[in-house]
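Computed from heavy atoms alone, side chains included, the values below leave out hydrogens, waters and symmetry copies. Sequence positions, counted from 1, serve as the residue numbers for this chain. Both ligands and their constituent atoms are indexed starting at 1 by order of listing.
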Amino acid sequence: SNQGHTMTWKRYHRYDDIMGYLDYLAEKFPTLVEVQEIGSSFEGRALKILKVSTGANKNGEPKPSIWIDAGMHAREWISTAVATYIINQLVEKNANYTRLLDLTDWIIMPVANPDGYEFTHTNDRLWRKTRSTHESDSDDGDETRQATGILSMISHYTKWFFGSCEGVDPNRNFNIHWGEDKVGGASTDPCHDTYAGPSPFSEPETRAIANYIMRHKDTIKTYLTLHSYSQMLLVPWGFTRERPADFSHLMDIATKAKQAIAKVSGTEYRVGPAAELLYPTTGSSDDWAKAKAGIKHAYTMELRDRGAYGFLLPASQIVPTARETWAGVRVIARMAALAPA
Ligand code: PAY
Ligand code: ZN
């Protein structure tokens, strides 16, 4: 196309289009944008983040930053589309956001699980997990058992054919109360959608995120992970129904974000702790960011819709969803940047 990139926000784009867009922006806006590869996926795809910063603050100190990831769950396409929309606004429309960019830097990872994302385009639209194999955990690698008979052979080829036992749920794989079965919400079964993995941070995708955040935890003031669907803004914790000490502060910001979202076109969000609004879970990224990296403002956003289309949200809803989400995200970014440490 004559605009130098292929992004449209009229359809859902493949991983290569999105990475091409990030690289295009880094080249076109070299003083505002930096693209960094923070690791590789299990299948070897680049894990890329895009940073937007107008430089140090008036006192010459680095600004606080907000981290946003999307597409941790492969089938939640709207989250990735919204993350690229936010990038588009911050970079290509940066003149509209000078005051916001004075307050905070942005670190955005639009495709946190590229292998899974591509798999939903080529094989199984409703795939959720990464695409790793962990031979030692499953019968697949156990040759003596496989050799014992026709039934195990059928089981082996059934698994191979349906391919359902690959992958780990990245949002159960972070090292926070990992795999604690008294909490629930995560599975030890590799064939299950919420398989927590053989060990915490078994996945290169979750490791890359955690390593980056740990190295920058002194400046990252907000952790936000975009998912779909349910229209909820979730605050910690997921692993317990107890509340963090700063719960009311986190809820105050979330409530103002919810109001900003509703103002755009009437979309109603619910606000509250993950363990209460959804279900208790272990190993989730927002809990990890708050408890282990010490990032005060940690949120999970479940975007449109409430189940009419679910994960299959039509592309015609990308722009309306992105506009309302961006309004909510701006509230979170601004209020968190202004909050005392
Ligand atoms: O923070 O408790 C949390 C995470 C909640 C999400 C999760 O299960 O990881 C909620 C689900 C998601 O976005 O993956 C909701 C969707 C509709 C699902 O697959 O159940
Ligand atoms: Zn999700």
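Looking at Ser230 next to ligand 1, no N or O pair under 3.5 Å apart turns up. Of the polar atoms of His227, at least one N or O is found under 3.5 Å from an N or O of ligand 1, judged by distance alone. Considering backbone and side-chain atoms alike, Arg172 places an N or O below 3.5 Å from some N or O of ligand 1.
Looking only at heavy atoms of the protein, atom 11 (C) of ligand 1 is closest to Tyr279 OH, 3.5 Å. In this structure, atom 17 (C) of ligand 1 lies nearest to the protein heavy atom Tyr229 O, 3.4 Å. Annotation: atom 14 (O) of ligand 1 to nearest protein heavy atom, Arg128 NH1, 2.7 Å.
The closest heavy-atom contact to atom 13 (O) of ligand 1, among the options Met232, Glu302, Arg306, comes from Glu302. For the residues Leu226, Asp193, Asn171, the heavy atom positioned nearest atom 4 (C) of ligand 1 is part of Asn171.
Side-chain atoms of Arg45 and Asp115, non-hydrogen and from C-beta on, do get closer than 4.5 Å to each other. You'll find the side chain of Trp326 stays beyond 4.5 Å of the side chain of Val82, heavy atoms only. The closest side-chain heavy-atom distance from Leu313 to Tyr229 is not below 4.5 Å. No side-chain heavy atom of Ile66 sits under 4.5 Å from any side-chain heavy atom of Ile220.
For His73, the N/O/S atom at the shortest distance from the Zn ion (ligand 2) is named ND1. Atom ND1 is the N, O or S atom of His227 at the shortest distance from the Zn ion (ligand 2).
At a cut-off of 2.8 Å, Glu302 is not counted among the residues with an N, O or S atom near the Zn ion (ligand 2).
No heavy atom of Gly238 sits closer than 4.0 Å to any atom of ligand 1. By the 4.0 Å heavy-atom criterion, Ser228 is counted among the residues contacting ligand 1.
Against a heavy-atom cut-off of under 4.0 Å, Thr300 is close to the following atoms of ligand 1: 1 (O). Those atoms of ligand 1 that come under 4.0 Å of a heavy atom in Thr281, given as number and element, are 2 (O). Taking every heavy atom of Ala274 and a limit of under 4.0 angstrom, the matching atoms of ligand 1 come to 1 (O), 2 (O), 3 (C). Each of the atoms 1 (O) of ligand 1 lies under 4.0 Å from some heavy atom of Asp286.
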Audit row: Thr225, Tyr299, side-chain hydrogen bond (donor to acceptor under 3.5 Å, both in side chains) steps and yes/no: CA-CA 6 Å; Thr225 182; Tyr299 294 99; over 6 Å; no

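Side chains of Asp169 and His192: a donor-acceptor N/O pair is absent below 3.5 angstrom, by distance only. In the model, Ser65 has no side-chain atom that pairs as donor or acceptor with a side-chain atom of Asp105 under 3.5 Å. Side-chain polar atoms of His177 and Glu180 form a donor-acceptor pair below 3.5 angstrom.
The part of Leu278 lying near ligand 1 is the side chain, judged by heavy-atom distances below 4.0 Å. Contact annotation for Arg75 and ligand 1: only side-chain heavy atoms (C-beta onward) come within less than 4.0 Å of the ligand.
Remark: Glu61 CD is packed, more than 12 non-hydrogen atoms of other residues, nucleotides or ligands lying under 6.0 Å away.
With rounding to the nearest 0.5 angstrom, the CZ atom of Arg14 is 4.0 Å from the CD atom of Glu118.
A salt bridge links Asp246 with Lys290: the distance from a Lys NZ or Arg NE/NH1/NH2 to an Asp or Glu carboxylate oxygen falls below 4.0 Å.
Both tests do not hold together for Arg75 against Trp77: distance to the six-membered ring centre under 6.0 Å, angle to the ring axis within 45°.
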